[in-house]
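Structure record follows, encoded as C-alpha cells.
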Amino acid sequence: MPGTPVASPSRPRSALKRLPSYKSLSFSTSKLSLSHVTPDPANRCPPNKTDGSSRIENFCSHPIKSTSSGVRRLLRKASHSLRFTHCNDTLDGMKGDKCPGTLGDGESGIVIDDRDNDCFYAIDTTVARKVREFFGASPLFGGSSLIVLLSVDFVKFLPPEITAHIFSFLDHQSLVNCEPVSRAWMAAARDRHVWRNVFRAEHGPWKSKPGNDWKRMFKVRQELNLRWTQGRVTAKYLKGHTDSIYCVQFDDKKIITGSRDKTIRIWDIGTGECIRVLGQGSRSLSPLHIANGDNATPRMSSPDHHRASVLCLQFDDEILVSGSSDYTCIVWSVHTYMPLMRLAHHTAGVLDVCFDKKYIVSCSKDTSVCIWDRKTGRLFRQLTGHRGPVNAVAIRGNLIVSASGDALIKLWNVDTGKCIRDFTGHNRGLACVQFSEDARTIVSGGNDQDIRIWDAASGECIKTLVGHQSLVRTLHLDSRNRRIISGSYDQSVKVWDLSSGKLVLDIQRFHSTWILSAKADYRRIISTSQDNRTLMLDFTTGMKDLEVLE
C-alpha cells in the first residue's frame, strides 16, 4: 500500500525500533546528554504537510523544542536551507526526473574550496543527487516511513554531506557539546570540513592546504586572540639606527625600517639582527663582519641612495619603494637590494608611498599625488586638489585615497584623475589614512586626536574612536583580523576592534617618545619612534602548535 513502510533486507523494521530517538537528545550550550523521553503523538509531523521542504523543516523543528534557544535557532536555520521542490503527497516523486531535488542556493552551507584537493565535497557529485539516491534507493524511505526515519538519529542515516551541512550552522561550542552523544556524532562534530567553516566564520579567510586540522587551528587561534585581549606580550628592541625611525614594514622573514639617518635597514625577524643597510655609510664591510660585535657595520649598498631622511617605504615580493626628504622615490630590488630606478617629479619631500601590480603612488609636501607606471617608472598622472601637504595615500584597484594637512580625505579615480568624493569631519590636519582590501572602508587619524572609520561608497563617518591624547601619527588596518592599530604622539600604541570600535588593548609602557609608525599581523606588533629603536611585541612566545597557523 502507498505510504506503508516496507522492510529492507539490509535494515529490518525490528532494527529500526531499536534506534535511539533523535528527540531524546537534549542540547545545551554547556552540556549535551541523553535523556529518554517518550514521544508525544501530538508533536508528530502533521500529515497535511505534503512537500519535501515541510517534512525536512518538521524534522529539524520537532525534536529540538526542549533545547537551548541558540542551538535550536541554528538547527532551524540549517533546516531552512534544505529545500526540495514541491512533489506529491510522498517523497517518492524524487525518484523521477520530473521532480528534481535542490539543496540551498549555493551561497550558504558548505563552501567548496577548489584549493582543498582532498575535500570530499569537491568530487563529481552534488548533495542533491546524493539525497535523491539515498531516499530513492530503498522502499524503506518512501511515503510515511520517511517520517519515522526523521524522528531517529539523523547522523546515522543521512549522507555525510547533509550531516556536515547541518553541523556547519553550529558554533564551535555547540560542536564540542555534540561530541559526547555517540561515536557517530563525535565523528560528525569533529569533521575538519565543518571546522573549516567555523574557523573562517570566526577568523575570516585563511589559506587552505590539504590535510589542515581546522579544529586544532581554531583552538590555537582562540588562545592567541586571548593573549591579544590580555596584552600578554614579550618585547624586543632592534637597535642600529642613529636617529628617528619614520617607517616600518615586515613579513614572516624580515623587517625593513627607514630613518632620519638617511638609511634603510633590513632586519632578520627571527634573530633581530640587522642584515643589510641601504644608504650612505662611512665604510663598507664584508657580510662576515655583521656578527662580530656591536660596533660592526653591516654591508652597505651602492652609492645610489637617499641623501636625506627616509620618510616612507613599502615592499612586496619583488620591489621595495622608499620616499625621502630629497624629493625622490627609489625603487629597489628585494632580491638584491640594488636600486632599479629613481622617481623624480615632486618639488618637496615625499611623505608616503604605496603601490599595486600596476602603479606606484607617492604623495608630497608639495600638496600633490603622483601616479607612476610600476614597470617603466614613467609618470602616469599627477593629482592636485589638496590645499596642504598630502601626508598619506593608499590605492585599491582604480581608487586612491589621500589624507592631507588641510583636514580633508579625498577619493580619486586613477583612470580619470578626478576627485570622486571629499570626506569631511576632522577639524584639524590629517597624518595617516588606511584603505581596506575590499575598498569599502577608510580609516583616518590626525591632529584632532580622533580616529574615524568611513564608508568609502557613501562618504559617511561610521564610527569615531576616541582615546588618544595627542596627534594620531600612524594607523594600520588589519582587515583579516578585524583590528585597527594606532600609534600616537602620546607615546601609546592602541588596538581597536574594527567591528565594534571598542578599545581592545592599550600599550603605553614601551615607548618614551613620539610613535612614528606601527604595523601588525596576527601574531605581533612592530612600532618605531623618535628614540632610534624599533620595538617588536610578540604575542606568541611560548605558544604550542603555532606552526598550524603558519
Side-chain angles (χ1 to χ4, degrees), residues 224-239 241 243-250 255 257-260 272 311-312 351-352 391-392 403 405 407 425-434 442-453 463-479 481-541:
L224 182 55
N225 285 352
L226 181 62
R227 291 189 174 206
W228 276 81
T229 303
Q230 298 175 345
R232 294 162 54 189
V233 299
T234 56
K236 184 176 184 178
Y237 291 99
L238 312 181
K239 301 178 182 180
H241 284 294
D243 210 330
S244 301
I245 305 172
Y246 287 119
C247 47
V248 64
Q249 188 186 340
F250 69 94
I255 304 169
T257 55
S259 170
R260 191 180 179 187
L311 303 179
C312 51
L351 302 178
D352 196 15
N391 293 312
H426 287 282
N427 52 46
R428 300 185 67 181
L430 296 172
C432 46
V433 72
Q434 292 279 283
I442 296 171
V443 184
S444 59
N447 211 13
D448 60 5
Q449 306 174 14
D450 293 339
I451 300 170
R452 290 179 178 261
I453 304 175
K463 293 183 181 69
T464 300
L465 314 182
V466 180
H468 282 295
Q469 304 302 314
S470 188
L471 178 143
V472 180
R473 177 63 173 80
T474 180
L475 286 171
H476 176 73
L477 175 58
D478 187 352
S479 300
N481 298 296
R482 309 298 296 170
R483 297 189 187 109
I484 299 172
I485 289 81
S486 61
S488 169
Y489 280 7
D490 64 11
Q491 304 174 15
S492 72
V493 174
K494 298 184 188 298
V495 181
W496 313 79
D497 183 271
L498 177 59
S499 301
S500 66
K502 293 182 179 179
L503 180 64
V504 176
L505 186 60
D506 192 0
I507 303 171
Q508 299 190 24
R509 64 184 185 273
F510 295 106
H511 285 291
S512 58
T513 57
W514 292 353
I515 295 171
L516 302 176
S517 183
K519 296 286 188 274
D521 62 6
Y522 72 98
R523 57 179 296 178
R524 58 174 69 88
I525 297 174
I526 298 180
S527 58
T528 65
S529 68
Q530 279 190 319
D531 60 10
N532 314 342
R533 298 183 299 176
T534 300
L535 171 66
M536 181 166 58
L537 299 175
D538 194 336
F539 292 85
T540 62
T541 303

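Basis for what follows: all heavy atoms, side chains included, without hydrogens, waters or symmetry-related copies. Bear in mind the structure is a predicted one, so any value in this text is a computation, not a measurement.
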Under the side chain to side chain contact (heavy atoms under 4.5 Å, CB included) rule, what do Leu516 and Tyr489 come out as? Steps first, then yes or no, please.
CA-CA 8 Å; Leu516 302 176; Tyr489 280 7; 4.0 Å; yes

Start with the C-alpha distance between His476 and Gln434, add both sets of side-chain angles, then the distance that settles side chain to side chain contact (heavy atoms under 4.5 Å, CB included), and finish with yes or no.
CA-CA 7 Å; His476 176 73; Gln434 292 279 283; 4.1 Å; yes

Quick one, Asn391 with Leu430, criterion side chain to side chain contact (heavy atoms under 4.5 Å, CB included). Give me CA distance, side-chain angles, the key distance, then yes/no.
CA-CA 7 Å; Asn391 293 312; Leu430 296 172; 5.7 Å; no

Evaluation steps, side chain to side chain contact (heavy atoms under 4.5 Å, CB included), between Ile515 and Arg473:
CA-CA 7 Å; Ile515 295 171; Arg473 177 63 173 80; over 6 Å; no

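Of the possible donor and acceptor atoms, one in the side chain of Thr474 sits under 3.5 Å from a partner among the backbone N and O of Ala518. When atom types are taken as modelled, the side chain of Asp497 and the backbone of Lys502 share no donor-acceptor pair closer than 3.5 angstrom. Panel note: side chain Gln530, backbone Thr513; no donor-acceptor pair is recorded below 3.5 Å. Under a 3.5 Å cut-off, the side chain of Thr528 and the backbone N or O of Ile245 do form a donor-acceptor pair.
Once rounded to the nearest 0.5 Å, the distance linking OG of Ser500 with NZ of Lys463 reads 7.0 Å. Within the model, atoms CG of Leu535 and OH of Tyr237 stand 5.0 Å from one another, a figure rounded to the nearest 0.5 Å. Taken to the nearest 0.5 Å, the CD atom of Gln508 stands 9.0 Å off from the CD atom of Gln491. Remark: Gln249 CD to Ile255 CD1 distance equals 11.5 Å, nearest 0.5 Å. A distance of 7.5 Å separates OG1 in Thr234 from CE in Met536, rounded to the nearest 0.5 Å. Within the model, atoms CG of Asn225 and CG of Asn481 stand 7.5 Å from one another, a figure rounded to the nearest 0.5 Å.
Contact annotation: the side chain of Asp538 approaches that of Arg523 to within less than 4.5 Å [non-hydrogen atoms, C-beta and beyond]. Counting heavy atoms from C-beta outward, Trp514 and Asp490 have side chains that stay 4.5 Å or more apart. You'll find the side chain of His468 reaches within 4.5 Å of the side chain of Ser492, heavy atoms only. Put simply, the side chain of Ile485 reaches to within 4.5 Å of the side chain of Arg483, judged on heavy atoms. Residues Thr257 and Leu238 are not in side-chain contact: their nearest non-hydrogen atoms beyond the backbone lie 4.5 Å or more apart. Side-chain contact between Ile526 and Thr534 is present, with heavy atoms from C-beta onward closer than 4.5 Å. Residues Phe250 and Asp521 are in side-chain contact: their nearest non-hydrogen atoms beyond the backbone lie under 4.5 Å apart. By the 4.5 Å heavy-atom criterion applied to side chains, Leu537 and Val493 are not counted as neighbours.
In terms of heavy atoms, Leu465 sits closest to Gly501 at CD2-O, 3.2 Å. When all heavy atoms of Ser486 and Leu475 are compared, the pair lying nearest together is CB-CD2, 3.6 Å. Nearest heavy atom pair, residue His241 against residue Ser259, reads ND1-CB, 3.2 Å. Nearest heavy-atom pair, Ala392 versus Asp352, reported as atom, atom and distance to 0.1 Å: CA-OD2, 3.4 Å. Of all heavy-atom pairs between Thr541 and Arg227, the closest is O-NH1, 2.8 Å. Ser529 and His511 get closest at one heavy-atom pair: OG-ND1, 3.3 Å.
Relative ring orientation between Trp228 and Phe539 is described as parallel, the plane-to-plane angle staying below 30° on a 0-90° scale split at 30° and 60°.
Few gaps surround NZ on Lys236; more than 12 heavy atoms of other groups in view lie less than 6.0 Å from it.
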